[in-house]
Student: 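Once you've had a glance at the structure underneath, I'll fire off some questions.
What's counted below: heavy atoms across the whole structure, side chains too, no hydrogens, waters or symmetry copies. Predicted, not measured: the structure shown is a model, and the values here were computed from it. Chain letters run A, B, ... following the sequence lines, proteins first, then strands; residues in each count from 1.
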2 protein chains.
Amino acid sequence: MNTEKKDPSSITIRDVARKAGVGVATVSRVLNNSEAVTEETRRRVQATIAELKYVPNPIAQQLSTGRHDAIAVTLPFLTYPSFVERLRGVQHALASTKFDLMLYSADVPDNPGKPPLPISKLRADGVLIISVPLDDSHVQQFLNSGLPVVLVDLFHPDHHRVFVDDIEGGRLATQHLVDLGHKRIAFLGDAFDEHKTFQAMRERFKGYRETLAAAGIPFRPEYHQQGPHGREEARVMAAALLDMDKPPTAIFAGSDTQAIGVLDVANERNIAIPQELSVVGYDGIRDSEFLDLTTVAQPLYESGIAGVELLLAILQDEPATPQEVRLPLALLPRGSTAAPRT
Amino acid sequence: MNTEKKDPSSITIRDVARKAGVGVATVSRVLNNSEAVTEETRRRVQATIAELKYVPNPIAQQLSTGRHDAIAVTLPFLTYPSFVERLRGVQHALASTKFDLMLYSADVPDNPGKPPLPISKLRADGVLIISVPLDDSHVQQFLNSGLPVVLVDLFHPDHHRVFVDDIEGGRLATQHLVDLGHKRIAFLGDAFDEHKTFQAMRERFKGYRETLAAAGIPFRPEYHQQGPHGREEARVMAAALLDMDKPPTAIFAGSDTQAIGVLDVANERNIAIPQELSVVGYDGIRDSEFLDLTTVAQPLYESGIAGVELLLAILQDEPATPQEVRLPLALLPRGSTAAPRT
DNA sequence: CTGATCTATGGAACCGGTTCCATAGTAACA
DNA sequence: TGTTACTATGGAACCGGTTCCATAGATCAG
């Protein structure tokens, strides 16, 4: 529909070869500075390249080499700050490489159940899957495709991954509250899903229960609220907790977003934080600092960087066994937690 | 370095042609369901394709058609919610098309002055530039490259764009404060830069001054604070305003992020909002709702959608003159503004 | 019934690189 | 000085599609 575009870069490698009086193979060698080319011919070719303002066509390079020089990144729709923060890390890490970043959203509004990406037509050398709960059939597709995959914030035994120890994180948060003297500690988080790769919430909960048990505090099922992720949804769950006859004196929320929902409710009801209610979040997003929220900080930005680095390493070596990179967690005690009133 | 990858998709169009007993041209015709192919041969070819699980190699398609089936999106590093919101719109709009999304960050920490993207090696059919202040030399490069470009939240006379009327937005915010009876109205925003395509802040300021003038309120230069963007930076500017002998009774912040910085300071100093100080923001990010911040809402998500739609339309038609799509603004009066105390 | 027109189809060129392989020229060795 | 082993280089095949162009067979008009 458009035959004669303005094409300043329609100069091909053959034009360069002809003008420089060499063969195309030699030009190609100069471009990839491979093998031995006489210093003199190299200079001549380079001069011609500069003169003609020749730029190699990346698509042709891809076709003949089989490489794409691109990484596909899938992550949930960018509604939560933690995903964005991870993506920033990915972007940063990729910026200093030759790889481009192809972004795929796993969950487009129109099409909630859609498989994250059409693997067969993926034009990338590797895939980074961040926080997208995949079910087994998708995981299998990736394994079959032979495309290198790195999971971030996800777990599957057959895949490389970058992770934090969420059980430990659950312990850190809960132990902090126990240490402050709390006995009535609630957990507010996402609903669990057995069949998915996203297990973080389950593990945080596990750490919570272990710590309660170790402290000799019985687990009270009514103190465990679970529901869809989101600030609004968290408000509803927090309200349910605070409406109880014996409301908790501390709430451990599975994410900062949810913790902020708890703070909203406390604010509405004039419940003093931390005097009347202690709140701990999880993630360490930027807002947690502004809100003076005690939280278990995980290296979000760094996880993006680590994911890229791991993927690039795998692209080179193709290791036989799944590689794992563990990132550290840190409890950041801030103003939203204190000893309970006695 | 890796000669024999597992290659389930190493079946080529010629394999299909041979097996189906037709020519490659016919297979190609079936793939692109172009021209006339007998219903019978079509079926036979399709059966063979299914049987062999043949998937066309996208790179080869790109090479021969010259298309990329990808859109490059450049935007500032994802530090502010408004950029993310726009990106979400882009992502959503692209999801229902055949186009992939290649993400480029204009401002990588390591490399602040770096040109947004290496145009020559851009593997995309078009470019969407969102909120990235470009200087003229970059704009020129794009124009020379012949690559279709759409600007979102930016202005340049030679480029297509999606925009809001920021002068009008400045008027809306200021008029709202004037109508409430304020006389001492400050403006707090980014520093201007003549040579860039990002002119929004200047225009909001222009709307502010026009409205003041129309209301017969003299402009007081000391009520105009400008500095780098950011919540923290806004706190400093807000503090300067509130430290004055005759502090403003209302502050119009050029963005919600900056307005939130103002609220921070008010909160620290126990200045009652809106009784002692009215605050108006700009953008309508999600947090503005939670914070009950009066703001001039612009359609951020929709701007991403509109940008993609405009770009795709241009890809088809290549219109001779720059196209413009204007999106509406709306003042959302909320709890952060009220009449001044007399 | 025959020549003209149309339709479905196949072969081959093409997109623009990379790389295998053959070769001419030179260096090294005996 | 003759033979061998390199080295630098060019030609051509190749990656896997799309599409131009030629052709065989079918259809139609006179």
Student: Should we say atom CZ of B:Arg44 is surrounded by more than 12 heavy atoms from elsewhere, each under 6.0 Å from it?
Tutor: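 Counting neighbours around CZ of B:Arg44, more than 12 heavy atoms of other residues, nucleotides or ligands fall under 6.0 Å, so yes.
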Student: So, is B:Thr38 near the phosphate of C:dA8, with a side-chain N or O under 4.0 Å from OP1 or OP2?
Tutor: no
Student: If I take atom CG in residue B:Asp15 and atom C1' in nucleotide D:dG16, what distance separates them, rounded to the nearest angstrom?
Tutor: 10 Å
Student: Figure out the CG/P separation between A:Leu63 and D:dA13, and round it to whole Å.
Tutor: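 Taking atom P of D:dA13 as the reference, CG of A:Leu63 is at 17 Å.
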Student: Using whole Å, what does the distance between atom C1' of nucleotide D:dG16 and atom CZ of B:Arg29 come to?
Tutor: 17 Å
Student: So, A:Arg43 and A:Glu40, do they make that salt bridge, N to O below 4.0 Å?
Tutor: no
Student: Whole angstroms only, please: what is the CZ-P distance between A:Arg14 and D:dG11?
Tutor: 11 Å
Student: Using whole Å, what does the distance between atom C1' of nucleotide C:dG16 and atom CZ of A:Arg67 come to?
Tutor: 15 Å
Student: Whole angstrom is fine here: how far is it from CD1 in B:Ile13 over to P in D:dC15?
Tutor: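 One finds 14 Å between P of D:dC15 and CD1 of B:Ile13, rounded.
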Student: How far apart are the C-alpha atoms of A:Leu143 and A:His159, what are their side-chain angles, what is the distance that settles it, and do they pass the side chain to side chain contact (heavy atoms under 4.5 Å, CB included) test?
Tutor: CA-CA 8 Å; A:Leu143 289 172; A:His159 275 304; 3.4 Å; yes
Student: Taking the nucleotide of DNA chain D with the closest heavy atom to each, which residue, B:Ala25 or A:Gly23, is nearer the 5' end?
Tutor: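 The residue closer to the strand's 5' end, by nearest nucleotide, is A:Gly23.
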Student: Nearest 0.5 Å, what's the OH-CG distance between A:Tyr104 and B:Leu94?
Tutor: 10.0 Å
Student: Please determine whether a side-chain nitrogen or oxygen atom of A:Gln62 lies at a distance below 4.0 Å from atom OP1 or OP2 of C:dG17.
Tutor: no
Student: With side chain to side chain contact (heavy atoms under 4.5 Å, CB included) as the criterion, how do B:Val45 and B:Val37 come out once you've worked through the C-alpha distance, each side chain's angles and the decisive distance to 0.1 Å?
Tutor: CA-CA 10 Å; B:Val45 170; B:Val37 178; over 6 Å; no
Student: How do A:Val27 and B:Ala60 order along DNA chain D: which one's closest nucleotide is nearer the 5' end?
Tutor: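 The 5'-side residue here is A:Val27.
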Student: In terms of ring plane angle, is the pair B:Tyr301 and B:His92 parallel, tilted or perpendicular, where the classes change at 30° and 60°?
Tutor: tilted
Student: Strictly under 3.5 Å: I want the nitrogen or oxygen pairs between protein and nucleotides 23-26 of chain C, one per line.
Tutor:
none

Student: Give A:Val24 one of three labels, base, sugar-phosphate or nothing, depending on what nucleic acid heavy atoms sit under 4.0 Å from its own.
Tutor: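 Contact class for A:Val24: base.
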Student: Think A:Thr41 has a side-chain N or O under 4.0 angstrom from the OP1 or OP2 of D:dT9?
Tutor: yes
Student: If I take atom CZ in residue A:Arg43 and atom P in nucleotide D:dT9, what distance separates them, rounded to the nearest angstrom?
Tutor: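 Roughly 13 Å, once rounded to whole Å.
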Student: Would you say a side-chain N or O of B:Asn57 is under 4.0 Å from OP1 or OP2 of D:dC15?
Tutor: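 The answer is no; no side-chain N or O of B:Asn57 sits under 4.0 Å from OP1 or OP2.
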Student: Could you state the NE2-P distance from B:His68 to D:dT18, rounded to the nearest angstrom?
Tutor: 16 Å
Student: If we ignore hydrogens and angles and just use 3.5 Å, is the side chain of B:Gln323 paired with the main-chain N or O of B:Thr321 as donor and acceptor?
Tutor: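 Checking the backbone N and O of B:Thr321 against the side chain of B:Gln323, a donor-acceptor pair under 3.5 Å is found.
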Student: Ignoring backbone atoms, establish whether A:Ser28 has a side-chain N or O less than 4.0 Å from OP1 or OP2 of C:dT18.
Tutor: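 A:Ser28 to C:dT18 OP1/OP2: side-chain N or O found under 4.0 Å.
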Student: OP1 or OP2 of C:dG10 versus the side-chain N and O atoms of B:Thr26: is any pair under 4.0 Å?
Tutor: yes
